[in-house]
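Below, read A as the first sequence line, B as the second, and so on, with proteins coming before strands; counting in each chain starts at 1.
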Amino acid sequence: MIERPRGTRDFLPAEMKRRRCVERKMRESVERWGYEEIKTPTFEHLDLFTLKSGEDIVDEIYSFEDKGRRKLALRPELTAPVIRFYVNELQNEPKPLRFYYFDDCFRYERPQKGRFREFWQFGIELIGGRRDLANFEMIALSVDILRNIGLGKFDLHVGDVSLLKKAVSSQRDDLDEEKERKIFRLMDKKDEEGLKTYLAEIGIDAENLSFLMSTLDPIEEAKRIFGDIDEIKQLSTLLDLLSAYEIYPKIDLSIARGLDYYTGIVFEIYAEEGLGAQRQICGGGEYDLIKLFGGREERSRGFAFGFDRIMEVLEIEKEEENMIMVISTDDCRREGIKVARKLRKKFKVELDVMGRSLKSQLSYANSSGIKKVVIVGRREVEKNFYTLKDMNNGEQISCGEEDLLEMIANL
RNA sequence: GCCGAGGUAGGGUAGUGGUUAUCCUGAGGGACUGUGGAUCCCUCGACCCGAGUUCAAGUCUCGGCCCCGGCCCCA
């Protein structure tokens with residue numbers, strides 16, 4: 001027997017209904033803000049991703065060589081492909097550009113709760129725009145989506161990596177990249193003890209950086225240290241605009257995220273429960289990929305939802321299935337087929353393919369949750385009528401050909 | 001890659017070295033040739049894979065695979 005590859009999943013019809021329902025709501029949400037769907041290839045040149053994230057990520061990517069010796073990779077995320085697309089052929093479009101995507105991504109990682117080797121991302125990229133207004137739109141939209149899909153409980157954290165970088169690099173002139181990274185990582189993990197120990201080790205006064213981890217009013221504290229610099233104004237304006245949309249994020253200046261390409265505001269959204277160690281359901285921010293990919297400098301920003309993680313925490317009530325079954329026995333199959341065809345103009349209709357008796361077909365309808373059946377048997381065919389049966393209460397009525405559609409709708 | 005817990009019909013399970021591997025559910029058929037849900041009967045269907053120990057392995061040992069929780073990483 002052939003097993004499903006590690007970290008992949010099969011989805012049953014019931015689960016696909018849930019997923020499509022949420023997907024539909026997400027699409028509706030972003031389309032109401034003027035976003036349009038785009039699609040990029042499932043695989044790209046490996047370089048696209050190493051350029052963005054460094055050589056190290058090759059370990060976590062599904063990469064391969066094709067028969068023409070090209071080094072390719074299944075996309076591990078969608079921001080880089082979308083920006084590549086933009087740089088390739090959309091740079092002269094009028095700004096802003098509002099794009100959204102919903103697709104599967106692939107990462108070679110150890111699977112655990114909320115983490116798979118094939119997983120789905122729903123995200124947007126907003127290219128162009130003045131920083132404060134565009135950042136407002138990005139974050140407000142992400143919250144709008146969650147509100148629309150009915151996910152009420154989440155934590156929104158907003159930070160600014162440029163402030164973080166500035167604060168850390170101002171501590172020592174000779175701070176190399178590796179040390180900075182380690183500091184960022186400890187901060188991102190909120191490992192205060194580890195951070196203190198490490199800062200002491202490399203001779204930095206932890207007090208100077210403590211405002212980044214502060215939970216009280218980090219903006220005020222940053223202002224005290226840096227003065228009223230542009231980064232702080234941006235954050236304040238953003239908070240003001242968000243409050244107009246009734247969004248009150250938690251400021252967290254220690255968010256480091258991928259860091260390599262984020263350049264300004266960053267944000268993360270966490271589910272409150274149900275995901276174990278993988279609580280993050282959304283991440284995004286401002287980045288500078290366009291120039292890196294050889295385009296004309298243009299600010300852009302975006303976010304992506306971990307669709308599968310959202311599905312883990314979201315509770316959705318089941319939609320009732322509205323299936324009609326046309327039941328006919330072997331001597332009347334032709335008539336049954338004709339009736340089914342007529343009904344399919346307006347309804348979902350099933351026909352028996354098992355060759356079952358009338359009794360067994362009813363039994364099947366019952367156990368499949370089919371609420372309405374039309375019986376087309378010899379008796380009906382000979383006298384030229386149909387029998388409609390309501391499976392909920394067992395009541396039956398007869399009707400002629402001309403009122404079939406109407407009567408079954410009202411059954 | 002690391003640490004830990006697991007893997008018995010489609011789903012849920014019993015089974016501490018010894019009959020033909022238990023029970024529930026499910027699925028297919030029938031009792032019942034034009035009327036479902038109840039009942040009864042029949043049928044289908046499993047020890048993750050591979051080595052080893054043993055007279056004998058679902059059970060013990062080792063390796064692999066998969067899965068679950070966590071670490072690392074997280075574009």
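Rounded to whole Å, the P atom of B:G63 lies 31 Å from the corresponding atom of B:C74. Annotation: B:C67 and B:C55 have their C1' atoms spaced 36 Å apart (nearest Å). The same atom, P, is picked in B:G45 and in B:A9; the two are 14 Å apart, to the nearest Å. Going from the C1' atom of B:G26 to that of B:G10 covers 7 Å, rounded to whole Å. B:G70 sits 38 Å from B:C23 when the P atoms are compared, rounded to a whole Å. Using atom C1' as the reference point in both B:G4 and B:U8, the two lie 23 Å apart (nearest Å). When the C1' atom is used for both B:G17 and B:G52, the distance is 15 Å, rounded to whole Å. Spacing of C1' atoms, B:G12 relative to B:U16, comes out at 23 Å, to the nearest Å.
Between A:Trp33 and A:Phe99, the distance separating the two ring centers is not shorter than 6.0 angstrom. Separation of the A:Phe102 and A:Tyr100 ring centroids does not fall under the 6.0 Å cut-off.
One finds a side-chain N or O of A:Lys359 lying less than 4.0 angstrom from the OP1 or OP2 phosphate oxygen of B:G36. Checking the phosphate oxygens (OP1, OP2) of B:C73, a side-chain nitrogen or oxygen of A:Arg185 falls inside 4.0 Å. Within the 4.0 Å cut-off from OP1 or OP2 of B:G29, at least one side-chain nitrogen or oxygen of A:Arg356 is found. One finds no side-chain N or O of A:Arg110 lying less than 4.0 angstrom from the OP1 or OP2 phosphate oxygen of B:G1.
With B:C74, B:G37, B:C68 as the candidates, the nucleotide lying closest to the side chain of A:Pro111 is B:C68. Between B:C74, B:G29, B:A75, one nucleotide has an atom nearer to the side chain of A:Met354 than all others, and that is B:G29. The side chain of A:Leu362 lies closest to B:G36, out of B:C66, B:C73, B:G36. For A:Arg107, taking side-chain heavy atoms from C-beta onward, the closest of the listed nucleotides B:A75, B:U35, B:C73 is B:A75. Distance from the side chain of A:Ile61 is smallest to B:A75 among B:G30, B:A75, B:C73. Distances from the side chain of A:Ser363 to the nucleotides B:G70, B:G36, B:C73 place B:G36 closest. Relative to the side chain of A:Leu358, the nucleotides B:C73, B:G34, B:G37 differ in distance, and B:G34 lies closest.
With a cut-off of 3.5 Å on both pairing distances, B:C73 has no Watson-Crick or G-U wobble partner at all. For B:A31, the paired base is B:U39 (Watson-Crick or G-U wobble, both distances below 3.5 Å). Pairing for B:C55 goes to B:G18, judged as Watson-Crick or G-U wobble with the two contacts each under 3.5 Å. Across all strands shown, B:G12 is found opposite B:C23 as a Watson-Crick or G-U wobble partner, with both distances under 3.5 Å. The base-pairing partner of B:G50, taking Watson-Crick or G-U wobble contacts with both distances under 3.5 Å, is B:C62.
A:Phe122 pairs in a side-chain contact (heavy atoms from CB on, under 4.5 Å) with only one of the listed residues (A:Leu78, A:Val22, A:Ile310, A:Val30), which is A:Val30.
The residue A:Gln361 sits apart from the nucleic acid: no heavy atom pair falls under 4.0 Å. In this structure, A:Gly7 reaches the sugar-phosphate backbone alone: every heavy-atom distance under 4.0 Å involves primed, P, OP1 or OP2 atoms, never a base. Across all strands, A:Lys371 comes closer than 4.0 Å to no nucleic acid atom at all (heavy-atom distances). Heavy atoms of A:Arg4 sit nowhere under 4.0 angstrom from any nucleic acid atom. Within the nucleic acid shown, A:Gln121 has no heavy atom closer than 4.0 Å to any nucleic acid atom.
Residue A:Glu3 is the one, among A:Glu3 and A:Phe116, whose nearest nucleotide of RNA chain B lies closer to the 5' end (criterion: closest heavy atom). Of the residues near RNA chain B, A:Arg6 and A:Glu395, the one whose nearest nucleotide (by heavy atom distance) lies more toward the 5' end is A:Glu395.
Annotation: A:Arg20, atom CZ; neighbour count of heavy atoms from other residues, nucleotides and ligands within 6.0 Å does not exceed 12.
Distance A:Glu109 CD to B:C72 P: 13 Å, rounded to the nearest Å. If you take CG of A:Asp288 and P of B:A75, they are 17 Å apart, rounded to a whole angstrom. Atom-to-atom, CG of A:Leu388 to P of B:U35 comes out at 18 Å; the value is rounded to the nearest Å. Separating the CZ atom of A:Arg181 from the C1' atom of B:A75 is a distance of 12 Å, rounded to the nearest angstrom. Rounded to whole Å, the distance from CG on A:Asp188 to P on B:C72 is 11 Å. If you measure from atom CZ of A:Arg115 to atom P of B:C68, you get 12 Å, rounded to the nearest angstrom. One interatomic measurement links the two molecules: OH of A:Tyr262 to P of B:A75, which rounds to 7 Å at whole-angstrom precision. The interatomic distance linking A:Gln396 (CD) with B:G37 (P) rounds to 14 Å, in whole Å.
Between A:Tyr62 and A:Tyr108, the two ring planes are perpendicular [angle over 60°; tilted spans 30° to 60°]. Using cut-offs of 30° and 60° for the angle between ring planes, the A:Phe64 and A:Phe43 rings count as perpendicular.
Relative to the six-membered ring of A:Trp120, A:Arg19 meets both conditions, a distance below 6.0 Å and an angle of at most 45° to the axis.
A:Gln280 contributes atom CD, which lies 4.5 Å from atom OH of A:Tyr270 (distance to the nearest 0.5 angstrom).
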